[in-house]
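Take a look at the structure set out below.
The sequence lines fix the lettering, A, B, ..., with proteins before strands; numbering per chain opens at 1.
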There are 2 protein chains.
Amino acid sequence: MSLKITIADIANELNTTPATVSRALNDHPSISVKRKEIVREAAERLQYKRNKIASSLRLGQSGIIGVIIPSAEINFFGSVVHGIESIANKSGYNILIYQSNESSEHEAKGIETFLSARVDGIMVSIAKDTKEYSHFIAAKKSNIPIVFFDRANINLGINSVLIDDYKGAFIATQHLIEQGYKRIAHISGPSHLKIFNDRLQGYIGALKENNINVDGELIFQGDVSVEAGRSGIQHFLKLSNPPDALFAVEDFTALGAIKELKDNNISIPNDFGVIGFANEKFGEHITPTLSTIDQQTVQMGKESFLLLMQLMNDGQTNVAIDKNVILDPIPIFRNSSMRNLK
Amino acid sequence: MSLKITIADIANELNTTPATVSRALNDHPSISVKRKEIVREAAERLQYKRNKIASSLRLGQSGIIGVIIPSAEINFFGSVVHGIESIANKSGYNILIYQSNESSEHEAKGIETFLSARVDGIMVSIAKDTKEYSHFIAAKKSNIPIVFFDRANINLGINSVLIDDYKGAFIATQHLIEQGYKRIAHISGPSHLKIFNDRLQGYIGALKENNINVDGELIFQGDVSVEAGRSGIQHFLKLSNPPDALFAVEDFTALGAIKELKDNNISIPNDFGVIGFANEKFGEHITPTLSTIDQQTVQMGKESFLLLMQLMNDGQTNVAIDKNVILDPIPIFRNSSMRNLK
DNA sequence: GTGAAAGCGCTAACAA
DNA sequence: TTGTTAGCGCTTTCAC
């Protein structure tokens with residue numbers, strides 16, 4: 001049972017004081033080079049590990065960033081966390097993870113936990129069922145830097161990193177138009193969520209820009225799911241004047257649509273073009289390969305952390321900063337919509 | 001700039017002492033119910049948040065579990081983390097994430113960081129390129145509970161939670177035999193990693209059990225990648241007596257194999273059966289749907305945490321515990337190997 | 001260039 | 001049932 005070595009132990013060993021040892025280990029300029037070496041050698045020899053808790057208490061900062069995600073099981077968020085971690089580590093920060101499981105309550109508890117843990121900053125992607133934002137307001141009041149990523153509420157005065165959903169949807173729809181499809185449908189997501197509404201608007205915007213009539217019949221209220229994709233297509237095929245292309249709100253929705261189209265022996269992309277959104281991994285492995293819009297997940301993680309860093313630094317100088325990062329969506333055109341290639 | 005409220009502030013407010021406030025907030029039995037209420041009310045009113053850092057320093061435990069994974073971007077690990085977090089949270093623990101990026105150095109730095117952060121326990125899935133284990137030995141020496149999951153080194157006397165790769169491979173191979181395939185091939189993974197070697201042995205074991213000759217020609221040294229799957233099939237098809245089925249070391253390998261088989265107009269599963277390992281999400285969406293072996297990722301996370309909890313408790317009572325959890329792989333038979341269904 | 005001493009905020013003996 | 005006191009391990013001001 002090796003007891004933990006402290007700087008006092010080292011000081012003892014070297015007949016000096018904790019203060020000197022502390023300074024030496026922190027590379028303080030007023031300590032002689034020789035002494036620094038001696039101290040470091042002793043620390044090494046005694047297997048000293050700095051007690052970061054004590055250090056944090058004294059310094060008033062923990063070196064920890066709290067990240068709230070809906071679920072680590074969702075690829076997208078794992079990828080963002082990867083982005084965050086990859087650069088946070090280099091800056092000497094560590095990442096505390098909290099899952100909201102799409103629940104507002106858990107989310108609030110996560111904030112609470114982080115505040116208590118005295119994290120130096122918080123990053124959040126808002127839970128789907130969060131409609132009440134007092135926990136964020138509370139966090140803001142206690143002056144802790146906080147950044148939203150991917151899912152934000154822009155009315156709280158909290159900075160955010162998002163991708164441009166409107167633009168992504170616009171590009172996707174424009175692409176279908178350019179491929180010569182004439183009646184382009186959309187399966188949308190839950191409309192109370194901004195990201196999904198933005199995609200709907202992007203779809204509409206592209207149609208208008210091309211002087212194409214927006215037909216309400218061609219907009220199916222769906223969800224992020226294979227089933228919604230199937231239902232949407234079932235609905236569309238019943239129309240007297242059915243569509244010949246689909247911009248789906250998400251890749252899984254697009255996948256369901258493709259399955260249903262295949263079941264109806266409709267040829268993709270010849271008779272029907274499909275494009276999704278998210279760039280899920282399966283997209284390049286299904287037949288036909290799925291056209292989609294990439295959301296730059298890793299980049300999003302990095303940008304979020306950088307923004308948080310700015311907030312943390314500026315917080316010290318009391319300079320308010322208002323910066324929202326909008327990432328460009330990246331179109332990935334594959335076989336499901338590339339009619340010209342066939 | 002609202003300064004942080006401390007228990008001293010509350011004590012002041014109520015004309016009592018920090019000790020009493022602390023006890024009240026911690027629901028200490030010797031404090032009267034009335035006073036507890038008063039204290040809690042004041043804490044609420046003043047927006048007090050317990051400083052967990054100070055508490056940790058005093059108590060000598062942080063309530064934090066350190067988790068080292070190769071990458072948060074890999075689905076598998078996100079899923080395990082989900083499992084860990086879902087139950088750790090309920091037990092009042094938080095999760096500090098560290099990515100090794102498959103590098104031994106980063107891994108060692110992660111251990112270092114965790115030791116310094118005084119985490120209460122560590123969970124690790126070993127990086128691919130780790131061949132030197134001194135950082136784990138160091139961790140063990142400093143008496144911190146530590147658990148390996150998925151990727152372990154069983155020679156370090158560190159407890160682990162694994163799935164039974166041998167059994168999974170055995171089941172997969174047995175299944176192909178039962179489907180009437182006669183010459184069953186295997187594309188293996190890097191042989192220095194135990195999990196891949198176990199799968200190879202499981203494959204061999206099943207053949208022997210069924211009195212089938214193990215043909216070295218039918219074992220292709222590959223990797224976890226689409227390319228390895230393609231190369232493997234290319235190799236096999238050149239044989240004078242090619243195989244009619246494949247157990248691939250991983251789903252992506254199986255995917256590559258399927259692509260190559262399709263390119264060669266070989267009908268799956270009629271003329272060639274394929275089964276993978278891992279139950280990646282894309283498996284149920286490709287054509288044909290992919291048979292595979294599920295690794296119980298979420299369950300693995302939960303079991304790992306439970307094991308760690310045991311170690312943490314037993315550490316206090318100085319009872320050594322030696323327990324390794326082996327999870328059962330779950331076969332998922334889909335179209336790529338279900339000849340009888342067609 | 002180094003030491004003495006105080007204190008970050010909390011909890012737990014011990015005392016009353 | 002509550003208060004007094006000490007101390008977790010570190011950093012930093014002030015003094016020398």
Could you tell me how far apart [X] ([atom1]) and [N] ([atom2]) are, to the nearest whole angstrom?
X	N	atom1	atom2	answer
Lys52(B)	dG9(C)	NZ	C1'	15 Å
Ile7(A)	dA4(C)	CD1	P	14 Å
Leu59(B)	dG9(C)	CG	C1'	12 Å
Asn51(A)	dC8(C)	CG	C1'	13 Å
Arg50(B)	dG9(C)	CZ	C1'	11 Å
Ile5(A)	dC10(D)	CD1	P	10 Å
Leu57(A)	dG9(C)	CG	C1'	6 Å

Taking all non-hydrogen atoms of both residues into account, name the closest pair between Ala88(A) and Ile95(A) and its distance. CB-CD1, 3.9 Å

Hey, is Glu44(A) close enough to Arg40(A) for a salt bridge, meaning N to O under 4.0 Å? no

Would you say the side-chain atoms of [X] pair up with the backbone N or O of [Y], donor to acceptor, closer than 3.5 Å?
X	Y	result
Asn159(A)	Lys323(A)	yes
Ser104(A)	Asp129(A)	no
Thr20(A)	Thr16(A)	no
Lys302(A)	Ile87(A)	no

For DNA chain C, what residues of residues 12-38 of chain B have any heavy atom nearer than 4.0 Å? Ala19(B), Ser22(B), Arg23(B), Asn26(B)

